[in-house]
There are 2 protein chains.
Amino acid sequence: MPTSHAHILSQILRKLELRGALDDADRGAFLALPLHRRMVEPNVYMVREGDRPDYASVILGGFAFRQKVTEAGARQIVSVHIVGDFIDLEGTLLNIADHSVQALTRCDMAFIPRQAIRDLVLSHPRLGLAMWVDTLIDGSVFREWIANVGRRDGTARIAHIICELGRRLEIAGLARADGFTLPLTQEQLGDATGMTTVHVNRVLKSLAQRGLIRRVRRDLSIPDWEGLRSTAGFSDAYLHFDQVARGVRPDRSL
Amino acid sequence: MPTSHAHILSQILRKLELRGALDDADRGAFLALPLHRRMVEPNVYMVREGDRPDYASVILGGFAFRQKVTEAGARQIVSVHIVGDFIDLEGTLLNIADHSVQALTRCDMAFIPRQAIRDLVLSHPRLGLAMWVDTLIDGSVFREWIANVGRRDGTARIAHIICELGRRLEIAGLARADGFTLPLTQEQLGDATGMTTVHVNRVLKSLAQRGLIRRVRRDLSIPDWEGLRSTAGFSDAYLHFDQVARGVRPDRSL
DNA sequence: CGGAGGATTGAACCTTATCAATCTCAGTGG
DNA sequence: CCACTGAGATTGATAAGGTTCAATCCTCCG
């Protein structure tokens with residue numbers, strides 16, 4: 001790992017700058033943040049429900065997800081995270097974690113002490129604002145997921161999560177021209193959409209039959225983006241790319 | 001309305017103080033915030049999806065809710081708000097509203113200009129932190145709702161929303177000793193839980209038959225809190241009352 | 001070559017949606 | 001003071017979307 005801490009932080013900073021104007025003092029303070037880097041193996045917990053987390057973290061590589069487990073034992077994935085996403089910023093300010101965070105694939109992670117972020121934000125309020133924006137966008141995605149799970153049928157739900165992931169991966173520069181590789185197994189796809197594995201499988205097959213996706217295991221290509229978009233009822237407004245990336249193309253792509 | 005602006009703001013401030021330590025300068029600045037007060041009739045929109053809101057608001061009296069409408073036309077209520085809740089803090093920092101906010105009952109509202117909040121937060125970062133906590137708790141509730149709609153059956157879903165509302169109303173001092181009045185019609189209850197009105201009605205009846213609730217139209221009493229709690233799989237950890245109200249009783253009540 | 005995790009398939013079953021009335025009650029106007 | 005009205009609540013019958021259970025089949029990997 002030849003990359004220095006300052007280098008890692010400057011990558012994160014670049015994204016944060018898109019969420020709010022910063023000055024040199026802000027940048028300097030951010031780059032001076034203490035952090036440690038660690039590889040996290042798939043399925044390993046980074047935060048456990050009930051924990052009192054000491055660190056916030058950022059994904060430098062790989063995928064992670066957040067989940068809740070019902071008292072009855074059912075699992076619900078509440079978000080999926082990709083490179084550049086802050087994870088558990090809530091751990092900075094809330095006391096007890098209300099959900100768990102797990103690595104989906106092998107993850108390259110940067111951990112920043114909770115107290116360091118608090119101090120930073122108090123001394124550099126513009127950085128606080130930028131992180132607050134991050135939290136707000138998170139919230140917007142959660143709202144869309146409530147609607148997705150609550151008011152769309154199985155087909156639309158799966159189509160929707162594919163659209164969301166596709167669009168986010170594209171913005172992050174992680175998608176191929178024609179599609180991308182799903183970071184989730186069908187079981188996890190089910191846990192994210194409130195469906196059973198069996199039904200996920202059938203829906204995927206039917207989407208393929210209708211020519212909306214082409215798929216070999218987890219490898220997706222999307223020959224008919226508009227078709228997929230419209231069966232999903234997807235619009236990327238809720239991802240607030242206008243505050244995430246400059247000059248983003250309008251809603252459509254791949 | 002004999003209450004002065006400063007008086008109104010001091011009520012809001014009291015709640016904010018629970019979310020983060022403030023000093024006298026913070027308090028002074030907050031109390032100097034410009035605001036206007038207005039009554040909003042039931043079903044009137046306070047924010048419309050697609051708007052670029054200029055104001056954040058706080059409920060001084062009444063109930064409100066937030067909703068999204070699917071491209072297919074289905075409605076999903078994504079949160080219900082009560083006295084003291086900040087509404088649309090996202091409007092302060094995000095550009096385009098990704099959802100609508102509507103009055104559920106007649107609402108007494110305080111509107112604060114978006115720019116005033118931005119300025120306040122930049123000059124008084126501790127206030128920013130406190131509001132950020134508010135947003136984080138919002139997010140926690142959204143996550144629970146995803147799990148509710150995604151992984152609980154109809155009975156548990158309805159039981160869960162009843163538990164949540166009951167507990168929040170209790171904390172806000174708005175519940176009777178034995179229960180409370182549901183602020184939602186059965187149709188709205190369905191829109192919040194991803195169910196049809198018909199099924200909501202049947203579930204409510206069955207909850208009553210099992211002795212978990214007693215109900216006359218919207219008037220609820222809860223003779224067996226533990227029974228209701230356990231069929232809901234409810235735990236109030238996700239409401240983060242430890243950061244909302246001091247000395248809150250542990251999870252159980254009414 | 002043997003495993004193991006993941007994907008796929010079939011059949012039976014069940015929860016929840018749909019459709020279509022009907023009923024209740026609080027509020028309004030005469 | 002009562003009939004009228006309309007929103008919301010309730011009920012029944014039927015259909016559909018999704019689950020459950022139980023195999024079977026890949027395919028990557030040591």
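Here is the naming used below: chain letters follow the sequence lines, and residue numbers restart at 1 for every chain.
Scanning for salt bridge (Lys or Arg N to Asp or Glu O under 4.0 Å) contacts around B/E49 gives an empty result, with sequence neighbours left out. Taking the salt bridge (Lys or Arg N to Asp or Glu O under 4.0 Å) definition, one finds that A/D138 meets it with A/R66, sequence neighbours left out.
When each of C/dA7, D/dA9, C/dT9 is scored by its nearest atom to the side-chain atoms of A/R215, the top-ranked nucleotide is C/dA7. Considering only side-chain atoms of B/R202, the nucleotide from D/dT19, D/dG8, C/dA17 that sits closest is C/dA17. In the set C/dT18, D/dA9, D/dC21, the nucleotide with an atom closest to the side chain of B/V198 is C/dT18.
Taking the six-membered ring where the residue is Trp, A/Y238 and A/H160 present parallel rings, their angle staying beneath 30° rather than reaching 60°.
When every heavy atom of B/F180 is checked against every heavy atom of B/L169, the shortest pair comes out as CD1-CD1, 3.4 Å. Of all heavy-atom pairs spanning A/L165 and A/P183, the tightest one is CD1-CD, 4.3 Å.
OP1 or OP2 of C/dT8 sits under 4.0 Å from a side-chain N or O of A/N201. Between A/K205 and the phosphate of C/dA7, there is no side-chain N or O to OP1/OP2 separation shorter than 4.0 Å.
One atom, CE of A/M195, and another, P of C/dT15, lie 19 Å apart when rounded to the nearest Å. B/L189 places its CG atom 13 Å from the P atom of D/dG8, with the value rounded to the nearest Å. The nearest whole Å value for the distance from the CG atom in B/D219 to the C1' atom in D/dA9 is 15 Å. B/H199 has its NE2 atom 14 Å from the C1' atom of D/dT10, to the nearest Å. Atom CD in A/E187 sits roughly 14 Å away from atom C1' in C/dT8 (whole-Å rounding). Counting to the nearest Å, the P atom of C/dT8 and the CG atom of A/L207 are 13 Å from each other. Atom CG in B/L184 sits about 12 Å away from atom P in D/dG8, given to the nearest Å.
The residue A/G190 sits apart from the nucleic acid: no heavy atom pair falls under 4.0 Å. Across all strands, B/T185 comes closer than 4.0 Å only to sugar-phosphate atoms, never to a base (heavy-atom distances).
Taking the ring centroids of B/F142 and B/H99, they lie at or beyond the 6.0 Å cut-off.
In this structure, the side chain of A/R152 engages the main chain of A/A232 through a donor-acceptor pair within 3.5 Å.
You'll find the side chain of A/R229 reaches within 4.5 Å of the side chain of B/E71, heavy atoms only. Taking the side chain as every heavy atom from C-beta outward, B/E170 and B/D236 never approach each other to under 4.5 Å. Between A/V141 and A/E164 there is a side-chain heavy-atom pair separated by less than 4.5 Å.
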Per-pair distances, 0.1 Å, donor-acceptor, side chain in residues 199-222 of chain B, under 3.5 Å, sequence neighbours excluded:
unit_1 : atom_1 : unit_2 : atom_2 : d
B/N201 : ND2    : B/Q186 : OE1    : 3.0
B/S206 : OG     : B/V203 : O      : 3.4
B/D219 : OD1    : B/T181 : OG1    : 2.6

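Relative to the axis of its first five pairs, the axis of the last five pairs of the helix from C/dC1-D/dG30 to C/dG30-D/dC1 sits at 30°, rounded to 10 degrees.
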Where do N or O atoms of nucleotides 23-28 of chain C meet protein N or O atoms at under 3.5 Å, pair by pair?
none

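Within residues 147-156 of chain A, no residue has a heavy atom under 4.0 Å from DNA chain C.
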